[in-house]
Structures are given as C-alpha cells and as structure tokens.
Amino acid sequence: MKIYPSLRLLWAALVVSAVTGLGSLFPENGVSLAASILNLAAYGVVLYILHRLSEESARFGRAFSCQLISLVLSILALACTFMGTSDMMVHFMVLLMVTGSLFSLISQYHMYWALDERVIPCGYAYPARRIRWCFYTPLIGAVAASFIQTLFYQNPAALVVQLVCQLAPLVLLWQYLRAVKNREDDPLHI
C-alpha cells in the first residue's frame with residue numbers, strides 16, 4: 001500500500017495542531033476554546049489516518065487504539081468545561097486531560113516507531129531512527145522550557161525553546177514524507 005497520501009494528510013493535521021497550540025498562549029477563553037476544538041479536529045484526522053495505516057503494522061494499530069482513547073478523553077475534558085466550575089469538576093477535567101495526554105504520547109511513540117520500522121525494508125532514502133526524534137524533541141523541549149521557567153520566571157526563552165522543539169518534528173516528518181514519495185514514485189530506483 002502506498003502511504004504517501006496518508007502521510008501528507010498526517011503532516012497537514014500536525015501543522016494545524018501545532019498552529020492551534022499557539023492559541024493556548026492567548027488568555028482569552030474564546031480563542032483558547034476555538035484552538036482546543038480545532039486541535040481536537042486535527043487529532044480526529046490523525047485518528048482517521050492511523051486507522052487507515054493500521055493494516056500496515058501492529059504498531060500502527062496500537063497507535064490507533066491509543067489515539068482513539070486519547071481523543072475520547074480529550075472530548076470528555078472539553079465537555080467538562082461546560083458543566084460547571086466546581087472543584088470536583090475541575091479536578092476531574094484535569095485528570096481526563098492528563099490521562100488523554102499520556103495516551104496521546106503512547107500513540108505518538110507507536111506511530112513514529114512504526115514509521116521507523118518501514119525505513120530499511122521499504123528502502124527509503126532516510127536515515128534509520130531519525131524519525132524517532134519527532135517523539136523525543138517535543139519532550140526535550142517541554143522539559144527544557146519548564147526548567148527555564150523555573151529558573152527565570154516569565155522568560156521568553158522558554159517559549160522560544162518550546163516552539164523550536166515543536167517545529168522540529170514537522171521538519172523531520174516533511175523530510176520523511178519526501179523520502180516516501182520519492183520511493184513510491186520510483187519503486188525500481190535503488
């Protein structure tokens with residue numbers, strides 16, 4: 001199966017997700033809510049893509065299952081924002097968000113490892129294990145940004161570090177996408 005069309009759509013959904021992630025920087029509730037809804041829609045597209053790719057490997061299937069759980073938990077957390085602001089509801093919403101984030105992280109792990117497992121057997125002109133940095137880089141950026149924020153309150157360097165580490169996976173995935181396209185367009189070229 002050719003996976004380039006699915007990967008192109010995946011990349012577009014991740015770009016939308018990254019852009020809507022910037023909406024959380026605005027303190028207005030309307031902007032933040034709209035960004036959250038767009039982000040959920042983008043991850044719905046990712047879920048659809050993982051469902052299509054789940055036939056390719058067991059890892060894509062596990063990524064799909066975890067993404068489905070993450071999306072359901074995120075929708076429930078968003079619904080909790082409309083149900084009131086009692087302490088119990090806020091704690092429940094935070095619990096749903098954290099659990100959904102963990103399942104999303106597990107989904108990303110399986111997705112990027114599944115993409116990496118295709119590099120050598122499919123003969124992509126892409127270094128093995130490089131696509132895994134799409135998983136590592138945002139984690140490193142979040143830890144570094146938190147560390148900078150802890151040391152220097154309200155330091156814009158933390159935001160810059162986090163933005164760079166959020167954009168790096170998009171660049172790496174774009175390079176992977178090009179390698180897949182080149183191979184699928186010319187399967188006999190070695």
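Given the structure is predicted, the values throughout are model-derived calculations rather than measurements. Numbers here are sequence positions counted from 1.
- Between Ser70 atom OG and Met97 atom CE the span is 11.0 Å, to the nearest 0.5 Å.
- Of all heavy-atom pairs between Ser6 and Leu53, the closest is CB-CD2, 4.2 Å.
- Residues Leu173 and Leu115 have side chains in contact (heavy-atom distance under 4.5 Å, counting atoms from C-beta outward).
- In this structure, His91 NE2 and Met93 CE are separated by 10.5 Å, a value rounded to the nearest 0.5 Å.
- Between Met111 and Leu10, the closest side-chain pair of non-hydrogen atoms falls below 4.5 Å.
- The one candidate from Leu73, Leu71, Leu78, Val72 that meets the side-chain contact (heavy atoms from CB on, under 4.5 Å) condition with Ile75 is Leu71.
- Going from atom SG of Cys134 over to atom CH2 of Trp174 covers 13.5 Å, rounded to the nearest 0.5 Å.
- Residues Phe92 and Met88 fail the side-chain proximity criterion, which asks for heavy atoms closer than 4.5 Å.
- Note: the hydrophobic cluster containing Phe82 also contains Leu40 (ILVMFWY, side chain heavy atoms under 4.5 Å, direct or indirect links).
- For the pair Leu68/His51, no side-chain contact is recorded, criterion being any heavy-atom separation below 4.5 Å from C-beta on.
- Note that OG of Ser101 is 10.5 Å distant from CG of Leu96, once rounded to the nearest 0.5 Å.
- Scanning all heavy atoms of the two residues, the minimum distance from Ala63 to Leu50 falls at O-CD1, 3.7 Å.
- Gln175 places a side-chain heavy atom less than 4.5 Å from the side chain of Arg130.
- Pairing each heavy atom of Ala125 with each of Ala179, the nearest pair is O-CB, 3.7 Å.
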| How far apart are the C-alpha atoms of Trp113 and Tyr136, what are their side-chain angles, what is the distance that settles it, and do they pass the ring-ring contact (aromatic ring centres under 6.0 Å, His included) test? | CA-CA 11 Å; Trp113 261 250; Tyr136 298 134; 5.8 Å; yes
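- Residues Tyr4 and Val46 share a single hydrophobic cluster, defined by chaining ILVMFWY side chains whose heavy atoms lie under 4.5 Å apart.
- Counting all heavy atoms, side chain and backbone alike, Cys122 lies closest to Arg183 at O-NE, 3.1 Å.
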| request: Apply ring-ring contact (aromatic ring centres under 6.0 Å, His included) to the pair Tyr176 and Tyr126, showing each step before the final yes or no. | output: CA-CA 6 Å; Tyr176 185 89; Tyr126 191 83; 5.3 Å; yes
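- Rounding to the nearest 0.5 angstrom, the gap separating the OH atom in Tyr109 from the CG atom in Leu139 is 12.5 Å.
- For Asp116 and Arg129, the salt-bridge test fails: no basic side-chain N is under 4.0 Å from an acidic carboxylate O.
- Here the closest non-hydrogen pair linking Ser54 and Gly61 is CB-CA, 3.7 Å.
- Annotation: the span from Phe103 atom CZ to Ser74 atom OG amounts to 11.5 Å, rounded to 0.5 Å.
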